[in-house]
There are 2 protein chains.
Amino acid sequence: MKNEIEVFRDFIRQKGLRNTPARERIIEEIFSRHDHFDVDELYLRLRGKNKNISKASIYRLVPLLLESGLIQEAYFEDGHLHYEPIYGHEHHCHLRCISCGKTVEFKEKSIHAIEKELARTYGYDVKGHKLEVYGYCDQCKNRLP
Amino acid sequence: MKNEIEVFRDFIRQKGLRNTPARERIIEEIFSRHDHFDVDELYLRLRGKNKNISKASIYRLVPLLLESGLIQEAYFEDGHLHYEPIYGHEHHCHLRCISCGKTVEFKEKSIHAIEKELARTYGYDVKGHKLEVYGYCDQCKNRLP
DNA sequence: GTATGTGCAAATCATTTGCATTCTC
DNA sequence: GAGAATGCAAATGATTTGCACATAC
């Protein structure tokens, strides 16, 4: 299986665009962890490793990473989007606490059948899904009246 | 069944906050349609009806509407969040085109069982979910190489 | 009466853009 | 060599905040 850098190289070539060291460094940093990330945090992580990458370059890369299927939007919080690497990661869904933001990841295979059904009904070429279940976590629900 | 204004009154009283005509006008406008909305659009709709509501009041009300369960975040697009009224509306999920943004709403009852299971496993008091399936719509998929 | 809500304008924060320079292909 | 990508700084756009006044409870 190709790694994320190779996938990106194929993608970028096929689009007639250019690969650069800056882009590979950003992708490496994203995939060095399984965690969700946001632009500012990623910028600081790179900066902490003395990789001289501007925020603008990250902002310019994100749409390409989304389009290539390497990452996905995870959720909007604290005034900005959070993303997650998906290439090479087993798909998972999120269970989030409305009150404290705590998130649990869980696997749910049954959505696959729903995707197929939708593809057939609406003629879509379905690429994936995001399921977020929300409510109050164990601690928060007991703190409420 | 209570209407949305009554639900809000109960909610706001229980929080020890205050209800106002401005808030009721905003809620009325949101629930006058089934559509998704965003803050700016809602502001213009109210302004078009000579309701003098500032954007700041809308921004300040949204978190309360979310917390009360009257509305829900629908998706992030064009640089801002879009919301949808959920109180009194049958729950639905979204099938969105990655390329043109076209969205189809569909019903899916099976998620309810997943919610119950999660509530039991993780001790959450589950309030709802958002499922977004994405891919290329019929037109867009045929436009690609 | 007190604390909350409102409108307005200014401030803030995330994201985008213009530009001169550097780098890929 | 031509077109893309980069870093930086300035511009933009969404959202938040400070404040003086109004108003709900």
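Protein chains get the first letters and strands the later ones, always in sequence-line order, with residue 1 at the start of each. Here the structure is a predicted model, which means the values were calculated and not measured.
Between its two ends, the helix from dG1(C)-dC25(D) to dC25(C)-dG1(D) turns its axis by 50°, counting five pairs per end and rounding to 10 degrees.
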Under 3.5 Å, N/O pairs linking protein and nucleotides 1-3 of chain C:
from	atom 1	to	atom 2	distance (Å)
dA3(C)	N3	R18(B)	NH1	2.6

Measure all distances between protein nitrogen or oxygen atoms and nitrogen or oxygen atoms of nucleotides 15-19 of chain C, and list the pairs falling under 3.5 Å.
from	atom 1	to	atom 2	distance (Å)
dT15(C)	OP2	Y59(A)	OH	2.2
dT15(C)	O5'	Y59(A)	OH	3.2

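Every residue meeting the side-chain contact (heavy atoms from CB on, under 4.5 Å) condition with K107(A), not counting sequence neighbours, appears here in chain and number order: E90(A), H92(A). Taking R45(A) as the reference, E29(A), E41(A) meet the salt bridge (Lys or Arg N to Asp or Glu O under 4.0 Å) condition, with sequence neighbours excluded. Not counting sequence neighbours, the partners of F76(A) by the ring pair (Phe, Tyr, Trp, His ring centres under 6.0 Å) test are F76(B). By the side-chain contact (heavy atoms from CB on, under 4.5 Å) test, N52(A) pairs with no residue at all, sequence neighbours left out. Evaluation of the ring pair (Phe, Tyr, Trp, His ring centres under 6.0 Å) rule for F37(B) yields Y83(B) as partners, not counting sequence neighbours. T121(A) is linked by a side-chain contact (heavy atoms from CB on, under 4.5 Å) to E117(A), counting only residues two or more places apart in sequence or in another chain. Residues satisfying the side-chain contact (heavy atoms from CB on, under 4.5 Å) criterion with I86(B), sequence neighbours excluded, are Y134(A), Q72(B), E84(B).
Between the CG atom of D38(B) and the C1' atom of dG13(D) there is a distance of 13 Å, given to the nearest Å. Here the C1' atom of nucleotide dG13(D) and the OH atom of Y43(B) are 15 Å apart, to the nearest Å. For the pair R23(B) CZ and dC25(D) C1', the computed distance is 13 Å after rounding to whole Å. Atom CD1 of I53(A) is separated from atom P of dC23(C) by 13 Å (rounded to the nearest Å). In this structure, N52(A) places its CG atom 14 Å from C1' of dT22(C), rounding to the nearest Å. Straight-line distance from the CZ atom of R47(A) to the P atom of dC8(D): 8 Å, rounded to whole Å. Rounded to whole Å, atom P of dA5(D) lies 16 Å from atom CD1 of I58(A). Here the C1' atom of nucleotide dT24(C) and the CD atom of E24(A) are 12 Å apart, to the nearest Å.
In terms of position along DNA chain D, the nucleotide closest to R25(A) lies nearer the 5' end than the nucleotide closest to the other residue of the pair I12(B) and R25(A). Residue whose closest nucleotide on DNA chain D sits further toward the 5' end, between D78(B) and P21(B): D78(B).
When atom types are taken as modelled, the side chain of S68(B) and the backbone of L64(B) share a donor-acceptor pair closer than 3.5 angstrom. Put simply, the side chain of H80(B) gets close to the backbone of D78(B): a donor and an acceptor are under 3.5 Å apart.
Within the structure, the salt bridge (charged side-chain N to carboxylate O under 4.0 Å, His left out) test picks out the following pairs touching residues 19-28 of chain A (sequence neighbours left out): R9(A)-E24(A). Applying the salt bridge (charged side-chain N to carboxylate O under 4.0 Å, His left out) test to every pair with at least one member in residues 58-72 of chain B, sequence neighbours left out, gives these pairs: K15(B)-E67(B).
Taking only side-chain nitrogens and oxygens, T20(B) comes nearer than 4.0 Å to OP1 or OP2 of dT6(C).
For the 3.5 Å distance criterion, the side chains of H112(A) and H129(A) fail to qualify, holding no donor opposite an acceptor.
Set against dG7(C), dC25(C), dA4(D), the side chain of S54(B) has dG7(C) as its closest nucleotide.
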